[in-house]
Amino acid sequence: MKLIDGKAVSEELKNSLKQDVLEYKKKTGRVPHLAAILVGDNPASKAYVGNKVRACEHVGFRSTLVKLEDTVSQEQLMDEIKKLNEDPDIDGFIVQLPLPKHIIENQVTLAIDPKKDVDGFHPVNFGRMAQGMPAFLPATPYGILLLLKRYNIETAGKHVVVVGRSNIVGTPISILLSRKSRSGDATVTLAHSRTRDLPNIVRQGDIVIAAIGIPGFITEDMIKQGAVVIDVGINRVEDEGSLSGSRLVGDVDFESVKGGCSYITPVPGGVGPMTVIGLLLNTFKSANKEIYS
Ligand code: NDP
């Protein structure tokens, strides 16, 4: 079994991006600028946004954090989005999820200018992605493609089983891997909570991608010998042995699965850091007007 080291790959890509940003600055006299809207004080969201801000500093981007109370109204949030849409210095921005229950998430997604939608959640980017047109790819699926490429894991002709069909992970990665392209050409099965005989289906996967949100859901008996296992899940579980009383685990039961597979991503340190680099690369593409000219 080979460990897919997302942390190391993301560091390599960040260092290379840092050089590209220096060139960009020399050429244009400005630096790429990413903004994030953070609503409320959910500790996980704060940690994710903190990682993104630190990553911006690392590669030489400017970053702006817009913090809003969790009592913010839909209108106030829409105003903030409008400001970022109209600010010519902002290349891209994200609205960190989840949002408080009273906020209509779809309206938020639709309000973001697709040209600045570096999370790739807007239906315009999603549709362009599905049709193989230039688009901001959703950051986590983009990160998974980069990992597969870095480890020379062939997808053409392979059977990929994706478990989980969210709009931000499962569905887009299933589309990307089934597209007629060098990073796709796989035969993809998209499984979910209504799938019958899930273990039998997962066992057919040459590549298994777990994006479920249930700790240790994928177990040894579901994985074919030699399969590639990509664990997207990030779940906090109690751990009396750790100082904080908890630790992060994936959707895959890592200890039982690792023996029989060919490659596996750890949690933490697998897909998570790749999501951040996906976001940075999208922002750099936006600054260079690579997707929308
Ligand atoms: P969602 O909760 O939006 O979707 C979960 C999916 O899992 C749904 O499609 C659901 O099916 C499916 N599911 C739930 N229970 C079962 C079951 N018993 N059998 C089969 N399928 C099931 O999750 P996300 O995609 O947003 O996130 C998934 C995980 O990935 C979470 O742990 C999240 O924290 C993590 N994550 C990690 C990121 C990273 O950067 N590494 C980025 C984003 C998410 P149905 O549609 O039928 O309800």
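Order of listing sets the numbers, starting from 1, for every ligand and every atom in it. Everything quoted here is computed from the prediction, not taken from an experiment.
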Could you list which atoms of ligand 1 come closer than 4.0 Å to a heavy atom of T275? 39 (C), 40 (O)
Check: T171/R165 side-chain N/O donor and acceptor closer than 3.5 Å: no
Evaluate R165 for polar contact with ligand 1, using N/O atom pairs at a separation under 3.5 Å. yes
E238 bridged to R247 by N-O distance under 4.0 Å: no
Under 3.5 Å, N or O to N or O, is L198 touching ligand 1 that way? no
Atoms of ligand 1, numbered as shown, that sit under 4.0 Å from any heavy atom of T140: 40 (O), 42 (C)
Have a look at V271, V162, I212 and point out the one with the heavy atom closest to atom 13 (N) of ligand 1. I212
Is it the case that Q19 and S16 place a side-chain donor and acceptor less than 3.5 Å from each other? no
Which word best sums up how the rings of Y263 and Y151 line up, parallel for under 30°, tilted for 30 to 60°, or perpendicular for over 60°? perpendicular
S193 versus ligand 1: do any nitrogen or oxygen atoms come within less than 3.5 Å of each other? yes
Atoms of ligand 1 close to N235 [distance to a heavy atom under 4.0 angstrom, numbered from 1]: 32 (O)
Does the pair D89/R30 count as a salt bridge with the N-to-O cut at 4.0 Å? yes
N125 and Y292: side-chain donor and acceptor closer than 3.5 Å? yes
At less than 4.0 angstrom from any non-hydrogen atom of G272, what atoms of ligand 1 do you find? 40 (O), 41 (N)
In ligand 1, which numbered atoms sit nearer than 4.0 Å to a non-hydrogen atom of G233? 29 (C), 30 (O), 32 (O), 35 (C)
Neighbour count above 12 (heavy atom, 6.0 Å) for K115 NZ: no
Do D253 and S256 have a side chain donor and acceptor closer than 3.5 Å? yes
Here the atoms of ligand 1 under 4.0 Å from any heavy atom belonging to F217 are 17 (C), 18 (N), 19 (N)
Number the atoms of ligand 1 from 1 as they appear, then name those within less than 4.0 Å of a heavy atom of G213, with their elements. 28 (C), 29 (C), 31 (C), 32 (O)
Nearest protein heavy atom under 4.0 Å from atom 27 (O) of ligand 1, yes or no: no
With heavy-atom distances below 4.0 Å as the criterion, list the atoms of ligand 1 near I214. 15 (N)
For atom 32 (O) of ligand 1, tell me which residue out of I234, N51, V232 has the closest non-hydrogen atom. I234
